[in-house]
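Convention: sequence-line order gives letters A, B, ...; per-chain numbering from 1.
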Amino acid sequence: MSVAVSSHSSQLRFENVGVVLGERRVLDDVSFQVSRGEVVGLLGPNGAGKSTVVRAANRGVELAEGKIVLEEDILASLSQRDLARRVASVAQEVQVPFSFTVGEMVLMGRAPYQGLLGFDSSSDVTGALHALSKMGIADLADRRMNELSGGERQLVLIARALNQSPDWLLLDEPTAFLDLQHRVDVLKVVREFTREGGGALVVSHDLALAARVCDRLLVLAEGRVVASGPPAEVLTSTVLERAFGLAVRVVEGPDGLPLVVPQL
Amino acid sequence: MKTLTFSRFGFTLLGLTVLLVFTAWTAVLMGPSHLGPSEVWSVLLGDSKNAPAIDIVYAVRIPRVLLAILVGASLATSGVIFQALLRNPLADPYILGVSGGAALGAIAMLSLGASFGFGYGAVPPAAFVGSLIAIGLLYLIAGGGSGLSATGLLLTGVVFNAFASAAIVFLASLAGMMQGSRVFLWLIGNLSAVRVDVIPWLGFFLAAGLACSLVLSRSLNLISLGEEAARQLGVNTERQRRWLLLSSSLMVGAAVSAAGLIGFVGLIIPHLLRLLLGPDHRLLLPASALGGAFFLLLCDTVARTLLDGRELPVGAFTALLGGPFFLYLLKRSGPGGVLGEHS
C-alpha cells in the first residue's frame with residue numbers, strides 16, 4: 001500500500017476546524033486531509049471527537065472556526081443534495097422506528113438523485129441489489145430492519161452508503177457490531193472503493209485492523225490531532241499512551257505490521 | 001426485491017377508494033327517514049320530483065358524509081405526518097394536544113371573535129393558529145428536533161390537553177356558551193352540528209395540506225429515520241419539517257374547527273395500514289387519507305343510526321375504540337419499544 005500523492009483538488013480537507021457544542025469544545029484546530037485512493041483511519045479514546053469529525057463532514061454540526069474543503073468546493077457552500085451525492089456516511093447506530101425492509105432502506109441511498117415524487121427506477125433497484133450483494137446480504141432484501149441483528153443492520157447501512165455512489169465514504173465505527181469475518185469483509189469493500197478512486201475515512205477502535213487496512217492513521221485526543229502518518233509511525237507506545245492514557249506495548253506482528261498489546 | 005411499484009400503488013389506492021365510495025353510498029341511504037336506493041339514485045341523477053327526498057339527500061346526508069370523509073382524512077393524514085416527524089408510532093394530533101390547541105383557538109374565536117367583528121369564517125384560521133402554537137410548545141418543551149423523547153412528548157400532550165380543556169370551558173362560560181350541551185358535544189367531537197358552509201373551507205385546507213405532504217412523502221421516509229440520516233441523504237430537514245408541520249396544522253385546524261375533538265383516528269388508521277402496507281410514506285400517506293375517511297364515515301354512520309331517534313357523538317365512539325387500542329400498542333411495545341427513547 002502506498003500513500004497516494006495527489007493534488008489539493010482530489011482531497012477532502014479539514015483546515016483548522018474547531019467545533020463547540022454547548023459549553024464544550026469538541027474539536028480544536030483539527031487539520032488533516034483524505035485523498036482519493038486512500039483509506040484514512042481515525043483513532044482515539046471515547047469522547048475524543050471522532051464522531052464529530054464525521055458529522056462535520058456531513059454538515060451535521062456548525063464549525064466555530066476553520067473550514068472543510070471538498071475538492072474544489074467549500075463544503076458549507078454546497079447544497080445538502082449535492083453533498084449527499086458526493087459524500088456518504090454511516091453513523092454509529094441508527095434507530096429505525098418503522099419497519100422498513102432492507103431493500104427499501106438501501107433504495108433510500110438513491111434519494112439525492114431522485115425527484116420529490118415518483119417510483120424507484122429499475123436502475124435504482126439494480127443498484128440497490130448490487131450494493132446488497134457487495135455486502136453479502138442480498139438474501140436479506142425483503143427482511144424488515146427491526147428483525148435484523150445489530151451487525152446485519154450495520155451492513156445494510158454501509159450498502160445504502162455505497163448505493164449513494166459517492167466519491168467519499170465516511171464510516172463511524174462500521175465494524176463495532178461485526179464478527180471478525182464481517183469486519184474483514186467490510187474493510188475489503190472499503191479498500192475496493194478506494195481502489196476505484198474514492199477516498200475513505202474510517203473511525204475505528206480496532207487498532208490491529210486499522211494498521212492493516214489504512215494507508216494513514218490519524219489519532220485524536222481531547223479534540224486535537226495528536227499524531228498522523230503511516231500506521232507504523234503512528235502506532236507507537238508513546239503516541240498511544242498519550243492519546244489513550246494507558247500503558248501499551250507495540251510489537252511487530254507476523255505480517256511485519258504493528259500489534260498493540262495493552263499492559264494490564 | 002419488493003419495492004413500491006406503480007401497480008401496487010394504484011391498486012391499493014383504487015381498492016381503498018372503492019371501499020370508501022361503497023361506504024359513502026351506504027351512509028347516504030341510512031338515516032331516520034327511509035329512502036330506498038332507487039329513490040336516492042334518482043335524486044342524484046336529478047330525475048326525482050320528491051322535494052323532501054331531494055332536501056334530505058342534498059342538505060342533510062351528503063354534507064354529513066362529506067364532512068366525515070374530510071375530517072377523517074385530515075386526522076389520519078396528520079397522524080402519519082406527526083408519527084414520521086417525531087419518529088414515534090404513538091404520535092396522534094389528539095394525544096399530542098395539537099387538536100386541543102386547535103380547539104382552544106377555535107373556541108377563543110367563537111367566544112371572543114364576534115366582539116371584534118370576526119365572522120364564522122375566522123374560526124378555521126384561529127384553529128389553525130391554535131394547532132401551530134400547540135406544536136411550537138411541544139417542540140419547545142419536549143426538547144425540539146430529534147431529541148424528543150416519547151415520554152416527554154406524551155406527558156406534554158396530556159398536560160396541554162388538560163389545560164386546553166380547562167381554558168375552553170372557561171372561555172365558553174365567559175361567553176355564555178355553556179347553555180345546553182353545545183360545548184360539551186364539541187369537546188367530545190361530533191359531526192351533527194354540520195354547517196354546510198364549512199365544507200368548502202375544510203376541503204380547501206385538506207387539499208392544501210394533503211398536496212403539500214404528498215409532495216414531501218418520499219422525504220418523509222428519510223425524515224422518519226432521524227434528522228442525521230435524512231441530512232446524510234440530502235434532505236433539507238429544517239425546511240421540509242416546517243412545511244410538513246404547517247400542512248398537518250392546517251389539516252388538524254380545519255378538522256377540529258368543524259367537528260371538535262375527535263380522537264385516535266390519526267393513531268388507529270396509520271397503524272393498521274402500516275401493518276398491511278409497510279411504512280413507505282409514498283403509499284402510507286394517501287392510503288391513510290382514504291382509510292381515515294372510511295373509518296370516520298363508518299363510525300359516524302353507526303353513531304347516528306345505532307339508536308332510534310338519537311345520535312351518539314362520533315368522538316365518543318372513536319375514543320371508545322381508540323383508548324384500548326392505544327393501551328394495547330403501549331403494552332405490546334414494552335420497554336424499549338414505542339416508549340423507548342429515540343436518539
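The environment of NE2 in A:His205 is crowded: more than 12 heavy-atom neighbours from other residues, nucleotides or ligands sit within 6.0 Å. A 6.0 Å sphere centred on CZ of B:Arg239 holds no more than 12 heavy atoms belonging to other residues, nucleotides or ligands.
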Practice item. Test A:Gln164 against B:Leu233 for side-chain contact (heavy atoms from CB on, under 4.5 Å), laying out the working first. Key: CA-CA 8 Å; A:Gln164 275 173 261; B:Leu233 293 166; 3.5 Å; yes
**Study point:** Test side chain to side chain donor-acceptor pair (under 3.5 Å) applied to B:Arg218 and A:Gln114, step by step
**Key:** CA-CA 9 Å; B:Arg218 198 205 287 268; A:Gln114 295 171 327; 2.6 Å; yes
Point to revise | Criterion side-chain contact (heavy atoms from CB on, under 4.5 Å) on A:Asp120 and B:Arg282, from CA distance to verdict | key: CA-CA 11 Å; A:Asp120 306 299; B:Arg282 288 176 293 176; 3.2 Å; yes
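Taking CG of B:Leu225 as the start and CZ of A:Arg160 as the end, the distance is 6.0 Å to the nearest 0.5 Å. Taking CG of A:Leu83 as the start and CD of B:Gln232 as the end, the distance is 10.0 Å to the nearest 0.5 Å. With rounding to the nearest 0.5 Å, the separation of CG in B:Asn236 from OG in A:Ser79 is 9.0 Å. Taking CZ of A:Phe98 as the reference point, atom CZ of B:Arg87 lies at 8.5 Å (rounded to 0.5 Å).
For residues 6-17 of chain B, the interface with chain A (any heavy-atom pair closer than 4.5 Å) comprises B:Phe6, B:Phe9, sorted by residue number. Residues of residues 102-113 of chain A placed with any heavy atom under 4.5 Å of a heavy atom in chain B are listed by number as A:Gly103, A:Glu104, A:Met105, A:Leu107, A:Met108, A:Gly109, A:Ala111, A:Pro112. Taking non-hydrogen atoms and a 4.5 Å limit, the residue list of residues 284-295 of chain B in contact with chain A is empty.
Comparing B:Thr3, B:Asp280, B:Asn221 by heavy-atom pairs within less than 4.5 Å of chain A, the highest count is held by B:Asn221.
Contact detail for B:Arg231 and A:Gly60: the closest heavy-atom pair is NH2-CA, 3.2 Å.
Looking at A:Asp142, its side chain does come within 3.5 Å of a backbone N or O of B:Lys2 through a donor-acceptor pair.
For a residue to count as touching a neighbouring chain, one of its non-hydrogen atoms must lie under 4.5 Å from one of that chain's; by this rule A:Leu170 does not touch chain B. The part of B:Leu214 that comes within reach of chain A is its backbone (N, CA, C, O), which places non-hydrogen atoms under 4.5 angstrom from that chain. At a 4.5 Å heavy-atom cutoff, the contact between B:Ser224 and chain A is made by backbone and side-chain atoms alike. Only the side chain of A:Arg144 comes within less than 4.5 Å of a heavy atom in chain B; its backbone stays farther off. Of the atoms belonging to B:Thr237, not a single heavy atom falls under 4.5 Å from chain A.
Applying the side chain to side chain donor-acceptor pair (under 3.5 Å) rule to A:Gln33 yields no partners; only residues at least two apart in sequence or on another chain are considered.
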